[in-house]
Engineer: 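Structure below; questions to follow.
So that the names make sense, note that chain A is the first sequence line, chain B the second, and so on, each numbered from 1.
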Amino acid sequence: MTFGAVMEESELLRQRREKIKSLKEMGVELFPNDFKVEHTSLEILQRYGDWSAEDLQGLEEIFSCAGRIMAIRDFGRAAFIHLQDRKGRIQVYLREDLLGEELFGLFKKLDVGDFLGVRGGLFRTKTGELTVEAALIKLLAKSFHPLPEKWHGLTDVETRYRQRYLDLAVNPKVRETFYRRSEIIKVMKEFLLQRDFLEVETPMMQPIPGGAVARPFKTYHKTLDMELYLRIAPELYLKRLVIGGLERVFELNRNFRNEGLSTQHNPEFTMLEFYQSYCTYEDLMTLTEEMIGEVALRVLGSYEITYQGVGLNLAPHWPRVTLREALVQYGGVDNSHNIVEDYLLAQERARNLGLEVEEGESHGEILVKIFEEVVEPKLIQPIFITEYPVEVSPLARRKNDAQEVTERFELFMVGREIANGFSELNNPEDQSERFRAQAAKRGGTDEEISLIDEGFLTALEYGMPPTAGEGIGVDRLVMILTDSPSIRDVIFFPQMRKKPDVSL
RNA sequence: GGGCCGUUAGCUCAACUGGUAGAGCAACUGACUCUUAAUCAGUAGGUUCGGGGUUCGAGCCCCUGACGGCCCA
């Protein structure tokens, strides 16, 4: 959709083009950049919000603010408008006798959606609203298209995602969600920085995608003549930094996984991953509940939150239950305690649940499948599930007194996995064996990468201090803390199919 | 990948059993110097997502495609 093409099609836009033409004929610049803004709407409202009408009359200060016109209430020779800036909205009163005929005539040509700069004093209207009385106005940017409706806003989800700028302009709640997202990320970073973590950046483009099991995106570097993968996780690089002696590092950045899209999945998503030497998975569970608790408290002002109508209590501390205990507790059948002991019973239970059990699948793997099917949806309040089987935890340290499970936990809330952490496997021989077992199992198909990051193994051979590491799904956490039902509500530009119309 | 639902004016939504596509907001013209979903009078605005079919007649039924949403794998 090009501008010209639209003009031919729409009566509405044809009228607006005529208006723009007459503005140009009046000598009005449509896109000047020399207006100086000195105040935000919020500054004005906060500083003078409680001043009486009489006090304001004595105030001689002139204010200068700007924003998008969101409403016009025209009375002929006077009008009220609302300007929206990054902090909120403020009302402006325009009178012909004060502005003069020329500027008032300019105002008459403006539309909802245009950007306007205003200078003037403050007064309080009869209905009590603090208002700027315009002594001077300046068009700052002309909108060639009408904005979505003022009352219902923009509800069409496709348009909201494809033209997020419109969503942000007219739906205050959307803006609030993204401001809150930024705040959450800020608090998480501050939390780690206070604990002497170093914020780092590691490669997005990796020759061997490691640190997780997922289908990667593939790309190609021309000069180096090599295939590269967008990372599915930063884990193996962050551990290299730990080996280098940095001891406490974190990276809050994007991962890419070439898999399905859903309300919980976007191909690129944000992960907070961090590593702390000389501590264990138990220390990280404590750190996690403290961090998320602090985020809730600082961003939302309370440990008690509501997600999609369900009350959650994020006050530390949260239960820690082993996977096996969880299966018994939430397994839903009388013999749940037996499936954790009996391989054949576990197989039978999985098949009864309609789960696929492949040839040679281990007891632990089957238990995890049953857990995901039966237990996960029931984990509403925050809870740590611990001691995952070693077969599904290729980078985690074995538990000292139980070699078939690992010092690993996952954090669940509202039936969703939010975080995954473990004491890191730092024995290079064990790590090498696990990589090779993993690779053998998955075969060598193009999609399922079975390459082994030998460079990482070499690094491990130089010695990695005992360390625990964790990843937190930032988008999912933000969803819960902003009461958002879909991951697309917390990502500005979620992935969409290409539209035939190239302009969107 | 499968199932279900959706796509109508710039936006938000109607349209009975297949029978002339409507409203509110926005826009345009006019009135109005304290409104806040301003008000009052009038006007204009449509490829009903695209393509094909059935029918005297299709927004509605059938086939097909695009895009989106939810659920499932």
Engineer: Do NZ/NE/NH1/NH2 and the carboxylate oxygens of A:Glu365 and A:Lys369 come within less than 4.0 Å?
Structural biologist: no
Engineer: So, is A:Arg73 close to the B:rU35 phosphate, meaning a side-chain N or O under 4.0 Å from OP1 or OP2?
Structural biologist: no
Engineer: Is A:Thr125 side chain donor-acceptor paired with the B:rU35 base, going by distance under 3.5 Å alone?
Structural biologist: yes
Engineer: Nearest-nucleotide wise, let me know which of A:Tyr161 and A:Gly128 is further upstream toward the 5' end of RNA chain B.
Structural biologist: A:Gly128
Engineer: Taking the basic N atoms (NZ, or NE/NH1/NH2) and the acidic carboxylate oxygens, is any pair closer than 4.0 Å for A:Glu268 and A:Arg257?
Structural biologist: no
Engineer: Which word best sums up how the rings of A:Trp51 and A:Tyr48 line up, parallel for under 30°, tilted for 30 to 60°, or perpendicular for over 60°?
Structural biologist: perpendicular
Engineer: Any donor-acceptor pair, under 3.5 Å, between the side chain of A:Glu96 and the base of B:rU33, if you only look at N and O atoms?
Structural biologist: no
Engineer: Does the side chain of A:Thr159 get closer than 4.0 angstrom to OP1 or OP2 of B:rG68 through an N or O atom?
Structural biologist: no
Engineer: Please tell me whether A:Asp85 and A:Ser41 have a donor and an acceptor in their side chains that are separated by less than 3.5 angstrom.
Structural biologist: yes
Engineer: Between A:Arg488 and A:Ala79, which is nearer to the 5' end of RNA chain B once each is assigned its nearest nucleotide?
Structural biologist: A:Ala79
Engineer: Any side-chain N or O of A:Arg497 below 4.0 angstrom from OP1/OP2 of B:rC67?
Structural biologist: yes
Engineer: Does A:Lys150 have a side-chain nitrogen or oxygen under 4.0 Å from the phosphate oxygens OP1 or OP2 of B:rC11?
Structural biologist: no
Engineer: Looking only at the side chain of A:Phe80 (C-beta and beyond, no hydrogens), which of the listed nucleotides B:rC70, B:rU35, B:rG68 gets closest?
Structural biologist: B:rU35
Engineer: Should B:rG46 form a Watson-Crick or G-U wobble pair with both distances under 3.5 Å, which nucleotide is its partner?
Structural biologist: none
Engineer: Just checking A:Phe493 against A:Tyr161, ring centres under 6.0 Å apart?
Structural biologist: no
Engineer: Among B:rC28, B:rG68, B:rC70, which nucleotide has an atom closest to any side-chain atom of A:Lys19?
Structural biologist: B:rC28
Engineer: Applying the Watson-Crick and G-U wobble criteria at under 3.5 Å, what pairs with B:rC70? Answer none if nothing qualifies.
Structural biologist: B:rG3
Engineer: Would A:Phe75 count as stacked on B:rU33 if the rule is ring centres under 5.5 Å and plane angle under 30°?
Structural biologist: no
Engineer: Just N and O in the side chain of A:Arg16: are any of them under 4.0 Å from OP1 or OP2 of B:rA27?
Structural biologist: no
